[in-house]
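For reference, the structure is listed below as structure tokens.
Chain naming here is simple, since letters A, B, ... match the order of the sequence lines and numbering starts at 1 in each.
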Amino acid sequence: VVDGAAAARIGREVFLLSLSGDRRVLGWAFPRFVRALTDVYVAAGESVYREGEPADAQYFVVSGEVTLTRAGAHPIRMSERAVVGTLDMLLERPRRRTATAAVATHLLRMLRDDWWELIEDRLDLAQRIIGNLGVGIHALRARAEPLGGFEPPPPPPSGDPPRGLNLIERILVLRRAGLFSHASIQALTTLAELSTELYAPSDGGLVPQAATRGHLVVVAWGEVSASGRAPAIAGRFGQGTLVLGGAALDPNADYELTAAAPTVALTLSIEEYFDTMEEHFSVVRSTLLAVAQERDELLER
Amino acid sequence: MIRKLQAAMRALLSRVLDVREGELLPALQAFVALFSIIAGHTTLETARDAVFLSKLPARELNVIYVVLAALTLVATAASVALARRFGRRNALVSSLVVAAYLAIVFYSAPSTPRAALELYIYSGLVGAMIPPQFWMLAAQLLTVAQGRRLFGPIAAGGVLGAVVGAGGASLALRVFSLSSLTLIGGGWFVIAALVLTTLPAGDPAVQEGAAPAAKDVDSAAEGTSRMALVASQPLLARIAGLVVLSTAAALVVDYQFKAAAARSIAPAALGQFFARYYAVTNIVSLLVQLAVAGRLVRRLGVVGAVAVTPIVLFLGAVAALAGSGAFAAVLALKAVDGALRYSLNRVATELLYLPLPSVAQSRGKGFIDSVLARAAQAVTAIVLYTLALHSRATPRTLAAIVVALCAGWLALTLGLRRRYLDLFRRALMSGHISAESEIQELDLTSAEVLVESMASPDPAVVIASMTVLVQHHRTKLIPALVLYHDEDAVVIRALEIFAGSDRTDWIPLATKLLSHPSEAVRVATVRALARKGRLEALEAAKNDSSSRVQAYAAFYLALREATGDLVDHPLIAAVMGLPEPYGRESRRALLAAVSDAPDERAVSLIEAFARRPEFENDEDAIEQIARAIMTIKSPRLIPLAVARLGRRVGRDAMRGALMAIGDPALDVLAADLADEATERRVRLQIPQSIAEFASQRATDVLLERLDHERNGLERYKILRALGRLVSANDVKVNRRHMEDGAYRNLEEYLRLLSFRAALRDVPPDAEAGDLLRGLIEDKLQQALARAFRMLKIAHKREDIHRVHTAALSSNPRERANASEFLDVLLARRDQEALRELLGIVVDNLSDVERVARASSRVPLVARTHDEALALLVDDRDDTLAALAAHYADSLGSTRLRDVVARARARRPTLAAVGEHLFGRPLATGVAGG
């Protein structure tokens with residue numbers, strides 16, 4: 001029996017498995033992922049979506065090539081295995097660029113609602129995506145200035161740093177950092193309970209081993225300098241910011257941290273942060289939103 | 001003053017008629033328009049009936065019905081084309097203007113039998129075309145939810161118009177001639193047209209669902225395509241059946257009534273008789289519309305309300321049959337028909353159309369209301385005419401026909417619910433993940449696709465293709481020659497697959513890989529051959545240059561020699577004692593060997609592996625431990641597997657291992673879930689692990705725990721797991737029990753919503769207040785998610801998740817679809833309370849309106865800011881109560897301070913939680929204000 005729909009489904013299965021590399025990432029949710037994908041065939045020169053349209057889906061390029069264009073911006077070419085339209089979808093904003101097939105292109109479309117539903121069921125995948133976005137942001141930060149580097153911080157506050165933050169104050173500190181700004185209060189409470197307060201006088205080492213590896217550091221008061229080993233980049237981070245921003249989610253990010261002023265910071269292990277995602281999905285949403293935003297800003301530089 | 005009056009009027013309308021913000025003006029315009037249309041039509045009807053029966057015999061009516069049917073077809077085609085080209089509103093306005101003009105023409109024409117015939121046809125055409133055009137316009141303007149609330153009041157305008165039209169005709173006849181009624185009718189049409197011009201015209205293309213241009217389709221093809229459209233939509237087909245039978249029944253009742261009137265009333269008195277009779281029946285109809293129709297629709301739902309008219313008419317016809325068609329019985333039957341047809345039945349039938357896609361709605365409704373209804377009228381008229389010609393149209397025979405038609409009509413309403421529900425299912429599911437079986441059979445084309453992918457130059461694609469073949473149980477389609485692939489990763493994956501299959505054709509090729517330059521490939525080859533019992537491979541492995549390969553072989557040697565626990569064997573002990581990092585790879589190989597050839601003597605060894613920190617985050621190692629547990633099935637290993645659930649790495653594999661052990665593992669999981677001392681991160685993973693057992697017992701364990709679990713997050717995890725288990729397996733769950741749970745969660749949702757509404761003006765710089773609001777928001781979302789998950793468990797075949805999404809949508813049409821779907825799904829008597837609460841939650845309302853509606857049903861709803869804080873300070877959630885107390889304290893209100901002080905006195909834990917949050921006793925807040 002010849003059944004084109006079944007064959008198309010098999011094609012989607014092969015593509016998805018080849019994309020994820022490790023079959024365990026999708027696990028039991030694999031069939032649901034396959035069902036959530038729709039084949040889209042676009043002829044050369046036709047648009048996949050246009051600038052200004054609502055971004056209700058993302059597209060996986062199975063074969064062919066898509067060009068993303070916008071007036072006044074350099075075109076971006078996306079080829080096989082690239083994912084197109086994710087940033088707009090995550091940020092829930094109209095399309096920023098027009099996506100046009102450069103040659104006859106086969107794509108797989110996944111709707112935003114289905115995407116979130118599946119991610120919630122499969123946090124391993126969410127964490128892998130977050131890690132990948134972290135790596136991507138780190139690479140963008142590692143570019144030569146002015147494209148790369150970190151934004152300068154505001155001047156550090158004067159006076160004595162408030163030591164011994166209570167739980168509410170910790171929640172408020174975390175809430176100011178982009179990565180957690182959209183997390184639920186319950187999630188922030190858990191993260192605040194798991195966090196450890198660090199204090200360093202001016203020019204003092206901040207973390208015992210003076211490194212970020214495996215940790216997130218949020219500046220509650222003062223200013224922190226970060227100096228990377230590989231890549232060799234440096235940045236300064238002020239009150240209410242996550243040190244390194246989204247690049248801190250790169251599992252290989254390895255920076256030495258020092259206090260540039262009397263500083264109080266909260267630190268949290270990435271392992272515990274990922275564990276919190278299992279209890280509070282809002283942390284996943286908040287993180288994806290923040291890293292998507294940061295990546296977009298870096299790409300727009 | 002005027003503003004106050006308007007506000008008071010809006011409040012009154014909102015309370016009595018449920019007219020909401022922004023709906024008043026369009027509803028009023030529609031009401032007045034329909035009022036004028038029906039007033040005009042009733043006035044014309046009075047004139048035409050009196051003129052016709054005074055000039056011609058009643059039998060001739062049947063000829064008129066047939067002519068009318070044929071003319072209606074033409075007129076409707078023109079009306080549809082008009083709507084498609086200029087929009088529904090403009091088409092209706094045009095029809096009214098033409099009708100008004102013709103009324104003037106009839107007024108000035110001489111009163112002859114021919115004119116009587118023409119007047120009847122004109123009036124019939126107006127009745128057949130204009131009201132359906134009006135309802136099409138209303139369906140375009142309103143959603144299903146709005147229709148449910150507003151169609152009743154709007155239809156009341158029609159019934160009131162009928163009363164005024166008939167009453168006015170009766171009064172006019174005292175002063176003016178019969179022909180003046182046509183002029184009055186025309187005047188009403190002009191008023192209706194003027195009112196309608198104030199409504200939005202809309203985009204014709206959008207309204208008609210971008211239907212093909214009329215000029216491209218000839219009328220015959222158009223008729224065929226519309227018939228096909230009706231046939232393709234099960235609900236539309238049912239509606240068509242209902243309309244056909246109800247139209248036929250109405251015609252027979254009408255004929256019966258007019259024939260009886262012609263027999264019993266003097267021709268000169270007919271005008272006054274009809275005017276008075278119509279006035280009385282229309283008043284009854286108005287009362288039904290105002291006092292009964294809305295309530296019945298709300299109480300019985302759309303589908304239930306559709307069945308009321310045929311039931312009552314059926315009973316009336318049976319009474320008429322029993323009374324041999326006596327004049328009084330016929331009057332009563334016609335009165336019943338008149339009272340219900342244009343009130344309850346009209347509203348209920350119009351509501352049935354609303355969930356249909358716009359193309360089906362516009363094209364299908366037009367076709368049913370005009371072509372099919374007129375065809376039914378024509379066929380009925382021919383039957384009646386034939387009966388009359390043969391003197392068989394006796395009152396008794398006519399009553400029997402009505403009984404039969406009503407019985408058929410009633411029968412059609414029985415299957416309506418399922419089709420109505422299906423339509424909402426489709427609307428809600430549109431474009432999303434469909435439910436289909438997890439793994440499908442491979443057909444020839446699919447197999448070809450896979451074989452083609454196996455030849456890909458990209459190793460990831462080759463590996464993916466092999467994995468897909470395994471998932472579809474087609475391992476045999478993987479060629480053994482893939483072992484000669486250039487990429488090590490492909491060869492290793494192929495060996496892994498072959499070793500797990502019952503194939504042997506690959507073994508000769510694999511033996512050659514024992515000398516492969518890659519250590520990883522050699523290890524994989526030894527493993528694959530060992531799993532197939534090829535011990536000669538192990539002999540070769542003993543002499544391999546790689547320590548990994550040697551360590552693997554060591555296990556097999558130990559297995560042959562050991563008499564007791566393997567962990568004590570010198571070879572094994574030596575590998576376990578090797579220093580890092582050299583030793584780690586050897587131990588991984590040893591673990592792989594344990595996993596490939598599990599033995600009961602290896603239990604302690606597995607425990608030793610699980611304890612080693614070097615494997616803590618090693619996914620492959622944990623999977624191998626899990627695989628060994630899965631095969632050995634020793635209850636001693638259950639605690640190890642359960643403890644590993646708390647770690648993300650290898651969790652799925654450990655769940656699989658626990659499932660393989662079976663009931664003893666389920667017992668341990670159930671006990672650990674019930675034990676609040678179980679490590680939290682482990683406990684949170686237990687519900688899903690239990691769900692993997694996919695049995696009735698697993699369901700019962702989760703259900704039992706759901707009722708007793710105190711921790712909100714844990715309850716949510718149980719619910720999620722239960723949801724997955726129930727949706728994918730044939731297990732039993734008490735529907736009412738889950739619906740009761742959903743009800744309680746909706747109550748909680750509405751209670752929290754009252755807090756959100758009351759605290760909406762908390763300034764954003766009041767940090768404690770802001771956090772309090774954030775926490776309320778979290779809990780609101782969770783309560784609603786729990787309620788919908790419970791509904792999903794109670795109704796496993798429905799996609800309640802999609803309904804939940806639609807219920808939160810900002811699109812009023814999506815919300816309306818969700819609301820109507822739930823209303824029809826939860827139609828039982830024991831679901832009434834749940835249905836009402838869901839209506840409040842899903843309907844398109846503001847928070848304040850929802851709270852106002854919920855206040856009579858939900859306990860402890862707050863109406864003011866201070867009331868909300870007083871209730872929150874006493875909330876059972878310690879964090880919420882402590883935050884509320886802190887915020888209340890910071891406001892400086894004496895009353896609130898007293899409330900907080902009393903709460904502290906009653907509840908000592910409040911101070912402790914406050915201290916935990918704020919780092920110091922409550923009243924000395926740092927974050928407030």
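- Contacts from residues 53-65 of chain A to chain B, taken as heavy-atom pairs separated by less than 4.5 Å, involve no residues at all.
- Of the atoms belonging to B:Gln781, not a single heavy atom falls under 4.5 Å from chain A.
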**Request:** Show your reasoning for whether side chain to side chain contact (heavy atoms under 4.5 Å, CB included) applies to A:Leu17 and B:Gln471.
**Result:** CA-CA 11 Å; A:Leu17 280 172; B:Gln471 283 175 341; 4.2 Å; yes
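- Here the side chains of A:Asn166 and B:Leu917 are not in contact, with every heavy-atom distance at 4.5 Å or above.
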**Message:** side chain to side chain contact (heavy atoms under 4.5 Å, CB included), that's the test. Do B:Asp770 and A:Arg175 meet it? Break it down for me.
**Reply:** CA-CA 12 Å; B:Asp770 195 30; A:Arg175 203 186 193 192; 3.1 Å; yes
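- For the pair A:Met277/B:Arg648, no side-chain contact is recorded, criterion being any heavy-atom separation below 4.5 Å from C-beta on.
- Using a 4.5 Å cut-off between heavy atoms, B:Glu777 does not touch chain A at all.
- Taking CG from B:Asp458 and CD from A:Glu80, the interatomic distance works out to 8.5 Å, rounded to the nearest 0.5 Å.
- By the side-chain contact (heavy atoms from CB on, under 4.5 Å) test, A:Asn132 pairs with A:Arg128, sequence neighbours left out.
- Legend: residues meeting ring-ring contact (aromatic ring centres under 6.0 Å, His included) with B:His801, ordered by chain and number and at least two apart, are absent.
- With contacts defined as side-chain heavy-atom distances shorter than 4.5 Å, the pair B:Thr805/A:Glu117 does not qualify.
- With a 4.5 Å cut-off on side-chain heavy atoms, B:Leu883 and A:Ile168 count as touching.
- In this structure, the portions of A:Glu120 lying under 4.5 Å from any heavy atom of chain B include both its backbone and its side chain.
- Taking CG of A:Leu167 as the reference point, atom OG1 of B:Thr879 lies at 8.5 Å (rounded to 0.5 Å).
- Only the side chain of B:Leu684 comes within contact range of chain A, with heavy atoms under 4.5 Å apart.
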**Prompt:** Which is it for A:Leu172 and B:Leu771 under the side chain to side chain contact (heavy atoms under 4.5 Å, CB included) test, yes or no, and what are the steps along the way?
**Reply:** CA-CA 9 Å; A:Leu172 295 172; B:Leu771 290 178; 4.1 Å; yes
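- Of the two parts of A:Arg81, only the side chain, counted from C-beta on, holds a non-hydrogen atom closer than 4.5 Å to a non-hydrogen atom of chain B.
- Contacts between B:Ser465 and chain A at a heavy-atom distance below 4.5 Å involve backbone atoms as well as side-chain atoms.
- Shown here for A:Ser18 and B:Ala464, the closest heavy-atom pair between the two residues is N-CB, 3.4 Å.
- Ion pairing between a basic and an acidic side chain is recognised when a charged N comes within 4.0 Å of a carboxylate O; A:Glu279 and B:Arg680 show such pairing.
- How far CG of B:Asp778 is from OG of A:Ser282: 6.5 Å, rounded to the nearest 0.5 Å.
- A:Asp275 has no carboxylate O lying under 4.0 Å from a charged side-chain N of B:Arg647, or vice versa, which leaves the two without a salt bridge.
- Only the side chain of A:Ile171 comes within less than 4.5 Å of a heavy atom of chain B; its backbone N, CA, C and O stay farther away.
- Atom NE2 of A:His106 has more than 12 heavy atoms from other residues, nucleotides or ligands within 6.0 Å.
- B:Arg681 has its side chain out of reach of A:Glu278: every pair of non-hydrogen atoms, C-beta onward, lies at least 4.5 Å apart.
- When the shell of 6.0 Å around CZ of A:Arg93 is examined, it contains more than 12 heavy atoms from other residues, nucleotides or ligands.
- With sequence neighbours excluded, no residue forms a ring-ring contact (aromatic ring centres under 6.0 Å, His included) with A:His280.
- Taking CG of B:Leu772 as the reference point, atom CD1 of A:Ile185 lies at 9.5 Å (rounded to 0.5 Å).
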